[in-house]
Amino acid sequence: MSVETFDLKETVVENKFVGLWRLLKGYQLVYVIAIVSIGVAALAQTGIYYFLGYFVDKILPAANMLQLLPWVALGFVALATLQGLFTFVGGRLAAKVSEKAVLRIRNFLYDHIQRLTFTYHDNMQTGELLQRATSDVDTVRRLFAEQTVGIGRIVLLFVVNFAALLTIDVKLAFLSVAIIPVVLLISYFFFIKVGEAYEHFQEQEATLSNRLQENLAGVRVVKAFARQSFEQDMFERENKEKYRRGRSLTTMHAVFWPSTDLLCGAQMLLGFYLGARMAIDGAITAGDYISYVGFVTQIIWPIRNLGRLIADVSTGFVSYGRILQIVRQEQEPITEGKYRPEQPVRGAVRFEDVGFTYEAEEDQVLHHISFGVEPGQVVALLGGTGSGKTSLVNLLPRFYEYTYGRILLDDVELKDYPRDYLREQIGIVMQEPFLFSLTIRENITYGVTREVTEAEIETAARAAAVHDVILSFPKGYNTMVGERGVTLSGGQKQRVTLARTFLRNPRLLILDDATSSVDTETEAEIRAALDRLMESRTTFLIAHRIQSVMNADLVLVLENGRIVQRGTHDTLVNVPGTYQRIYELQSRIEDELEADLSTVAVAGAPAAQANGYHKLPQAGD
């Protein structure tokens with residue numbers, strides 16, 4: 001079975017042993033061979049002690065001992081070589097299978113996490129996902145590579161060596177392993193307790209990872225606001241909690257080891273004493289006693305380690321369970337839909353009494369939204385934070401499903417379109433542009449499913465007013481973009497994302513306040529590019545500034561998830577209400593700004609014009 005196509009959902013069963021066994025599908029025989037190889041190595045080890053007893057009883061007293069000695073030495077070398085060879089084979093095969101297993105897990109998780117719903121990602125922290133995809137996966141790797149094989153080795157050692165003890169003396173054999181049930185009982189108790197403690201530890205480690213991830217992602221914000229000390233205090237608090245939970249876990253191990261050491265040491269002393277008495281009394285030979293010491297050592301100390309392995313297996317089961325919590329999540333049905341046109345959509349959109357509530361939330365976000373927009377028209381959404389603007393446009397690509405009502409695209413209900421088809425038809429330009437750690441060329445072509453030529457890429461870059469900027473870099477379009485695009489300015493990043501959207505040539509556009517985070521000169525360049533992008537495309541424009549929505553065919557003013565005003569700029573600016581208040585407020589601010597700038601105007605060039613400033617037209621202009 002191909003590693004790349006393995007479906008981890010096959011392992012989602014109530015019994016984790018069965019699930020882990022299914023995870024090895026295609027490698028189960030190899031894993032069994034690995035355990036058998038370890039068993040053969042254990043048998044060879046037992047053979048060395050058995051041969052040692054035979055040497056003491058039979059070879060040393062023999063008259064031709066010197067002649068037999070080379071053969072005895074060859075026998076010991078052969079057994080040691082056999083033990084080493086099969087130990088190597090078993091370890092190598094176990095390592096191979098464990099790496100194949102975690103390769104499957106990582107491949108599945110990477111693909112699966114990207115296909116989960118927006119609701120899941122809204123509720124799951126990034127650090128938690130990283131913890132499960134890295135630390136927990138590595139714990140499962142150790143479960144296969146070390147712990148499971150180690151348990152198999154110990155069980156085989158016990159079986160082989162206990163059988164050898166029975167050949168010496170049955171009563172002595174049972175007396176020599178009397179403490180083992182007690183050790184196993186203690187180990188099982190720690191298996192439960194360590195599993196609980198480890199799960200709490202992993203949860204806190206995930207919290208700490210999330211804190212670190214957020215801090216590193218926002219390091220510039222932290223520095224800009226001089227919040228290093230605050231962030232340090234927060235990290236120390238989480239780190240101290242991780243230390244406390246880790247100390248609790250370590251304390252359990254600290255209690256377990258001495259207690260089992262004492263029990264196992266007492267058992268061995270008792271066995272050595274009884275065996276020695278039997279040898280003195282002549283019940284067993286000196287060679288039998290030497291072999292007995294080796295057999296008992298091969299049983300007691302591995303059994304003592306079995307307790308540690310059982311406790312460690314509990315951590316592997318906890319990590320496996322945490323991974324399965326992700327695997328159990330249903331993927332977004334990206335291709336599900338009964339209507340997939342062969343041609344691109346026209347772009348006619350109609351909302352009919354649409355309401356929306358986020359999953360697991362009680363408060364309704366959108367209430368009875370109704371409006372229509374024809375192909376190529378621009379609808380602007382204006383409103384304060386939390387008014388429902390972004391929630392409304394997120395319904396169009398089916399990031400979320402509306403709760404009631406209907407949304408029609410070209411007179412077909414939105415839910416009838418497959419999500420992948422819809423998202424191919426929609427271009428989104430976010431307020432905060434995101435670029436990957438790839439070249440500029442790869443960032444522009446990201447998401448384009450067809451082959452594109454260099455000329456098409458450059459045409460898209462010119463349309464986005466970024467072609468000349470790119471050519472100014474030494475490597476041009478092959479320039480590597482730093483993490484999250486940090487090597488580019490805000491305006492350059494935004495224009496690269498615009499070029500990406502131009503190249504996709506969508507029929508619908510969602511512009512989420514795309515010019516709010518740049519200076520006025522860059523804003524003018526981006527707005528010109530946006531105007532070119534919006535030509536003949538149905539556009540949903542989210543904005544906070546009146547200047548951005550003045551040319552829209554329809555302006556919707558939202559408050560608390562409801563449309564409180566609708567119309568064009570020319571009509572709304574003359575109607576008392578939210579739109580007029582926002583307009584007057586922004587006009588007053590700009591008048592004050594213009595007055596301040598005029599006091600420092602450069603001779604012959606008004607400061608406002610020098611800075612790319614454009615005053616809002618007054619009502620009636």
Problem - K9 to F108, cation-pi by 6.0 Å centre distance and 45° axis angle - result: no
Handout entry: Neighbour count above 12 (heavy atom, 6.0 Å) for E99 CD
Key = yes
Exercise for the section: Flag yes if more than 12 heavy atoms outside K96 fall under 6.0 Å of its NZ atom; otherwise flag no. Expected result: no
Exercise for the section: Could you tell me whether E241 and R237 have a side-chain N and a carboxylate O separated by less than 4.0 Å? Expected result: no
Handout entry: Note, H121 side chain near I113 side chain (heavy atom, < 4.5 Å)
Key = yes
Problem - Heavy atoms of other groups near N15 CG, more than 12 under 6.0 Å - result: yes
Exercise for the section: Report yes or no: does E128 contribute a side-chain atom to a donor-acceptor pair with the main-chain N or O of Q125 at less than 3.5 Å? Expected result: no
Completion exercise
Only one of T139, L20, V140 passes side-chain contact (heavy atoms from CB on, under 4.5 Å) with F317, and that residue is L20
Practice task
Answer with yes or no after comparing the ring centroid distance for F158 and F162 against a 6.0 Å cut-off, counting only values under it.
Solution key: yes
Handout entry: R340 bridged to D420 by N-O distance under 4.0 Å
Key = yes
Problem - F51 side chain near V72 side chain, heavy-atom distance below 4.5 Å - result: yes
Practice task
For Q131 and R322, test the side chains for any donor-to-acceptor distance below 3.5 angstrom and give the result as yes or no.
Solution key: no
Handout entry: SB check D138 R142 (cutoff 4.0 Å)
Key = yes
Practice task
State, yes or no, whether a side-chain contact exists between M278 and D169 at a heavy-atom distance under 4.5 Å.
Solution key: yes
Exercise for the section: Evaluate side chain to side chain contact (heavy atoms under 4.5 Å, CB included) for E236 paired with Q232, printing each intermediate quantity in order. Expected result: CA-CA 6 Å; E236 286 183 359; Q232 177 67 24; 2.9 Å; yes
Handout entry: Minimal non-hydrogen separation, L414 against L396, with atom names
Key = CD2-O, 3.5 Å
Handout entry: Cationic N near anionic O, under 4.0 Å, K242 to E238
Key = no
Exercise for the section: Taking the side chain as every heavy atom from C-beta outward, state whether L175 and L270 have any pair of such atoms under 4.5 Å apart. Expected result: no
Handout entry: Heavy-atom side-chain proximity of N394 to F118 below 4.5 angstrom
Key = no
Completion exercise
Between S176 and G271 the two heavy atoms that sit nearest each other are OG-CA, 4.4 Å
Practice task
Could you check F6 against K25 for side chain to side chain contact (heavy atoms under 4.5 Å, CB included), going step by step and ending with a plain yes or no?
Solution key: CA-CA 9 Å; F6 185 80; K25 189 174 182 179; 4.0 Å; yes
Handout entry: 4.5 Å side-chain heavy-atom contact, L263 and I186
Key = yes
Handout entry: Parallel, tilted or perpendicular, as decided by the 30° and 60° cut-offs, for the rings of F272 and Y292
Key = perpendicular
Problem - Side-chain heavy atoms of L208 within contact of N239, under 4.5 Å - result: yes
Problem - R153 with E146: basic N within carboxylate O range, under 4.0 Å - result: no
Practice task
Please test F55 against L69 for side chain to side chain contact (heavy atoms under 4.5 Å, CB included), starting from the C-alpha separation and ending with a verdict.
Solution key: CA-CA 9 Å; F55 172 73; L69 199 58; 3.7 Å; yes
Exercise for the section: State whether the number of non-hydrogen atoms from other residues, nucleotides or ligands found under 6.0 Å of Y358 atom OH is greater than 12. Expected result: yes
Practice task
Step through the shown structure and confirm whether more than 12 heavy atoms of other residues, nucleotides or ligands are within 6.0 Å of OH on Y50.
Solution key: no
Practice task
Taking the side chain as every heavy atom from C-beta outward, state whether E359 and Y400 have any atom pair closer than 4.5 Å.
Solution key: no
Exercise for the section: Would you please classify the geometry between the Y417 ring and the Y421 ring as parallel, tilted or perpendicular, with 30° and 60° separating the classes? Expected result: parallel
